[in-house]
Protein chains: 4
Amino acid sequence: MQKGEWMYLYHDDQTYFLPYEAGGSFSTHYGTLCFPENLEFGDYIETNKGIRFYVLRPSLADLMMKVKRRTTIIYPKEAGIILLELGIESGSKVIEIGSGSGALTVLLSRIVGNEGKVYSFEKRPEHQEIAIANVKRFGKPDRVEFILKDPVTEGGFGVGEVDGIFVDIPTPWILVPYIWKALRLGGHVGFLSPNIEQVQTTIKRLEESGFVRIRTMEVWTRGIRVKEFLTRPFDRMIGHTGYLFFAQKVKISAKEYVPDYWI
Amino acid sequence: MQKGEWMYLYHDDQTYFLPYEAGGSFSTHYGTLCFPENLEFGDYIETNKGIRFYVLRPSLADLMMKVKRRTTIIYPKEAGIILLELGIESGSKVIEIGSGSGALTVLLSRIVGNEGKVYSFEKRPEHQEIAIANVKRFGKPDRVEFILKDPVTEGGFGVGEVDGIFVDIPTPWILVPYIWKALRLGGHVGFLSPNIEQVQTTIKRLEESGFVRIRTMEVWTRGIRVKEFLTRPFDRMIGHTGYLFFAQKVKISAKEYVPDYWI
Amino acid sequence: MQKGEWMYLYHDDQTYFLPYEAGGSFSTHYGTLCFPENLEFGDYIETNKGIRFYVLRPSLADLMMKVKRRTTIIYPKEAGIILLELGIESGSKVIEIGSGSGALTVLLSRIVGNEGKVYSFEKRPEHQEIAIANVKRFGKPDRVEFILKDPVTEGGFGVGEVDGIFVDIPTPWILVPYIWKALRLGGHVGFLSPNIEQVQTTIKRLEESGFVRIRTMEVWTRGIRVKEFLTRPFDRMIGHTGYLFFAQKVKISAKEYVPDYWI
Amino acid sequence: MQKGEWMYLYHDDQTYFLPYEAGGSFSTHYGTLCFPENLEFGDYIETNKGIRFYVLRPSLADLMMKVKRRTTIIYPKEAGIILLELGIESGSKVIEIGSGSGALTVLLSRIVGNEGKVYSFEKRPEHQEIAIANVKRFGKPDRVEFILKDPVTEGGFGVGEVDGIFVDIPTPWILVPYIWKALRLGGHVGFLSPNIEQVQTTIKRLEESGFVRIRTMEVWTRGIRVKEFLTRPFDRMIGHTGYLFFAQKVKISAKEYVPDYWI
């Protein structure tokens, strides 16, 4: 393992997430762990009290969940569907707004590959700073352009022909005309909003502004404990993070109604 | 649009999915559509009865759902989480078994990029044939190696050091030792099984065969109709497709218990 | 079994629901059943093709689900919670509006006992007729007063001091002042509405009209097949019937704001 | 209000549950409440800091949730369905085992009315004591017979021809033959078990012991906050309490297989 590589240290009911450094040590609830030279993923190490921790490779879901947060983040259950509905793949050009804590940026940067590009917009400098730090830590910063800008007051995104756009801001409806301009024809936009009124307001605007095939959904996951004669779902689950909704851009002819807020 | 490019033809309550051919025509419930020269995504065309259909770009979710099927397929709600939990990104090397109808293969081939690779195993030639056709149609066939083989009777996968493995066969537990061999250290394996006994049997074997951090979950999505004064979730939803479960490979020392079915 | 008593005829994948008559017969997909003298619940009878059907006692849930319908009905999953949240028990006085197909009326009439009373309001005679027939068939008609009336245009319910009120009409908010008048102090009202805007409109009115402790919920059930090595949840489930919401009546002082629609 | 009557004291984000006593007082997070003479349900009283609390009538759901607990209790979401599937109504005779903390006993005692009867079995005296106290507090103790007994070691229930039986013990399968004996023909039995293996074991025994129409389900509820421009489901929900399963008793002929554990 390289110095600085992130390890998921795993014991049954306790996990830690930290960067590797040979000779370093770390205190857990089960005693102190010391990290030897030449530690590899798949190895285990023991605390001074003899408790075994496995050294695991973090998944994309782990990286997203472990970002340092200043905002609520997007969960893997929603992030996976966002990729598929927006059609984000190796080589895609994608806008996200806002950067938030950068959890989704980490994911997008790893999916779009070296030929792809992520444009990550944010208007609050203190959030952008965290997002940048998180992408440096867990993502592929070379593939991300961080832009500190409010597209509404500063003339739109200034980027065009992108394959997909993902929006997670409190007032997504104000972005609709800018989204239309930035997307390629037939391109996909997705939104995550916690309140139904945000969904209703945004969808109304999408319908009158050159978007079709608008669809809304919720996603849930429930963990299950599989253990001999004790197999049962977990008692608690997340009941709601937000409504996910998607639409696709179509052409607007000059003769059609153009809302007065249109650019 | 190129000849042969797949279009998602969209009218409110009717959609069609077919390849573009200038001069071609197609019969719908709302009359006949003729496809002009120079049709572009985002355009609309009208049937001879004046009903408008939009020409939309399919998302990854659309491509997965539109494969020709001979088997049950993996839904986007599960596929997204599989990507994130296995850590499949641009450049990944991944095994899937079985190929099934190729819905997941389509997705994986688009995510792994030109530097990545998908090894898709299948033992029934008639399934493999369909999977190959579907990947040619909707995926990136150059990035996929289709292998007609039963790893149990034919000496394992014959591929090693892969980043992730996804298993969707009726008896996943028999593959556990072969999975262990093929995965890189710390690598992730995921399974989808409809019945809880399949999960229980496979997890028991994983626990005794060099895998840790085993976790199981269910995923649901529910569509919501957002329409003025008629906003409500859809009446029907999918209650179950399968249990998703994941594990990570760790080293096994010579002194540890090695099950007798071990290779 | 008495003549006319309702039987739930049960074979693994086929069930029928009909009244008993000695000497009668009935055609099923598995052949003809003849009903002997002295048939008892728990017996089985065989068709002329030798297929066994069990003669079972219907549950309350069965009776509700088997009413002849002209409207959507309330499902057991919601009905059970309605009883508990409204505090309907033996001896309760309860209003329901509208009668619909009488599925809930059947249930309420069986719960309130001989000392209780159900006032079932309906404004469409053709619905009331069906509800009356269903309660005669499956419920306790002596405990129900069916009232053909629109409380909004005809001066309210004309019944007072009831323990609980259940409302299932498309515009529940117009009833709020009449509900307040008819309920005893501290009494509970419940609503079932399919669309979120119905909930929002009604709750706004409740909040300004002498109701507190307003709470809203959804209820789901999912069936599970338990069978050796084939244990799994059912593929399909009901994703939405409606939003259930509840409130409690409190006193309104003369000094407080009284909405102009107030009676 | 009578002395000792239970009040649900309600302020937006704070509720209390206690018996009324004129002249009494109670400390809340918002200051002290004093209870005047002639307090009525629907009144409000204010703390010494001027915060208003409403005096509400508890629902059946409230009574169940407010029992003093020594065990996990049955939630209203399951309890409502239990009533409907077992066919518990005014006049029913019902067995429950075990008494637990008496939450379900409170409910059953209020539903069965003066002509009905609840036989509540429990083998641990310390649990029975709590159940009795809770039923005295919130239920109808005259309608309940509390029986301190283990039916397995002490010769069965000793009660017969009951309409329904509800079972919530860790090893429900051992009771199957005793349940068969105590139920009337065609009668319903219900179970709540947290682990799937308990369900599997019990259902296997039911199938070979004179029960048919066996069905299993899960129930979920999710709360929703309805507030202007902030309408959204609650973040957290209960993911699992247990599996509910039901069956109906049929006759067993002498010629059929009788398991050796049969009485």
Side-chain angles (χ1 to χ4, degrees), chain A residues 65 69 71-79 81 100-101 103 167-176 191-205 216-245, chain D residues 65 69 71-79 81 100-101 103 167-176 191-205 216-245:
Chain A
M65 297 301 288
R69 311 178 191 190
T71 59
T72 58
I73 64 160
I74 290 172
Y75 285 88
K77 71 188 171 86
E78 271 95 18
I81 288 183
S101 300
V167 183
D168 180 11
I169 66 164
T171 56
W173 57 89
I174 62 169
L175 288 179
V176 168
F191 301 85
L192 182 67
S193 293
N195 302 327
I196 192 69
E197 293 91 344
Q198 295 168 305
V199 181
Q200 291 167 317
T201 307
T202 306
I203 283 182
K204 214 181 155 189
R205 188 141 298 181
T216 307
M217 69 179 78
E218 293 177 278
V219 192
W220 299 279
T221 57
R222 182 174 64 156
I224 297 171
R225 179 186 65 189
V226 178
K227 207 172 157 178
E228 202 157 11
F229 228 84
L230 292 168
T231 300
R232 48 174 293 178
F234 291 167
D235 295 354
R236 305 271 156 176
M237 64 180 274
I238 302 290
H240 185 71
T241 41
Y243 297 100
L244 268 179
F245 54 111
Chain D
M65 297 301 288
R69 311 176 191 192
T71 59
T72 59
I73 64 160
I74 290 172
Y75 284 87
K77 69 187 173 88
E78 272 96 18
I81 288 183
S101 300
V167 183
D168 179 11
I169 66 164
T171 55
W173 57 88
I174 61 168
L175 287 178
V176 168
F191 302 84
L192 182 67
S193 292
N195 302 327
I196 192 68
E197 293 91 345
Q198 294 169 305
V199 180
Q200 292 168 315
T201 309
T202 307
I203 284 181
K204 211 179 158 193
R205 187 140 301 181
T216 306
M217 69 179 78
E218 291 178 280
V219 191
W220 300 278
T221 58
R222 182 174 66 156
I224 297 170
R225 179 186 65 187
V226 178
K227 207 171 158 179
E228 204 156 8
F229 229 84
L230 293 168
T231 300
R232 49 176 292 179
F234 291 165
D235 295 354
R236 305 268 155 178
M237 62 180 276
I238 302 290
H240 185 71
T241 41
Y243 298 100
L244 267 180
F245 54 112

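Quick caveat, the model's predicted, so the values are computed rather than measured. What's counted below: heavy atoms across the whole structure, side chains too, no hydrogens, waters or symmetry copies. Naming: A, B, ... by sequence-line order, numbering from 1 per chain.
- Contacts with chain A were tallied for D:Ile196, D:Val199, D:Thr231; D:Thr231 has the most, counting heavy-atom pairs under 4.5 Å.
- Of the atoms belonging to A:Thr201, it is side-chain heavy atoms, and not backbone ones, that fall under 4.5 Å from chain D.
- Taking the six-membered ring where tryptophan is involved, the planes of A:Trp173 and D:Phe229 are perpendicular, since the angle between them exceeds 60° and thus also 30°.
- Contacts classified as salt bridge (Lys or Arg N to Asp or Glu O under 4.0 Å) and involving residues 233-244 of chain A (residues at least two apart or in different chains) are given here: A:Arg232-A:Asp235.
- Side chain of A:Gln198 to main chain of A:Pro170: a donor-acceptor pair is present (N/O by atom type, distance under 3.5 Å, no hydrogens or angles).
- In this structure, chain A has a heavy atom under 4.5 Å from the backbone of D:Thr241, while its side chain stays farther away.
- The side-chain heavy atoms of D:Leu192 and D:Leu244, taken from C-beta on, include a pair separated by under 4.5 Å.
- Closest non-hydrogen pair, A:Met217 versus A:Ile81, comes out as SD-CG2, 4.0 Å.
- Every residue two or more places apart in sequence or in another chain that forms a side chain to side chain donor-acceptor pair (under 3.5 Å) with A:Ser101 is listed here: A:Thr71.
- A:Trp220 and A:Ile238 get closest at one heavy-atom pair: CD1-O, 3.8 Å.
- Of the listed residues D:Arg225, D:Glu197, D:Glu228, the one with more heavy-atom pairs under 4.5 angstrom with chain A than any other is D:Glu197.
- Interface residues of residues 72-79 of chain A toward chain D, defined by a heavy-atom distance below 4.5 Å: none.
- Partners of A:Pro233 by side chain to side chain contact (heavy atoms under 4.5 Å, CB included), not counting sequence neighbours, listed by chain and number: A:Arg222, A:Ile224, D:Glu218, D:His240, D:Tyr243.
- Only the backbone of A:Phe234 comes within contact range of chain D, with heavy atoms under 4.5 Å apart.
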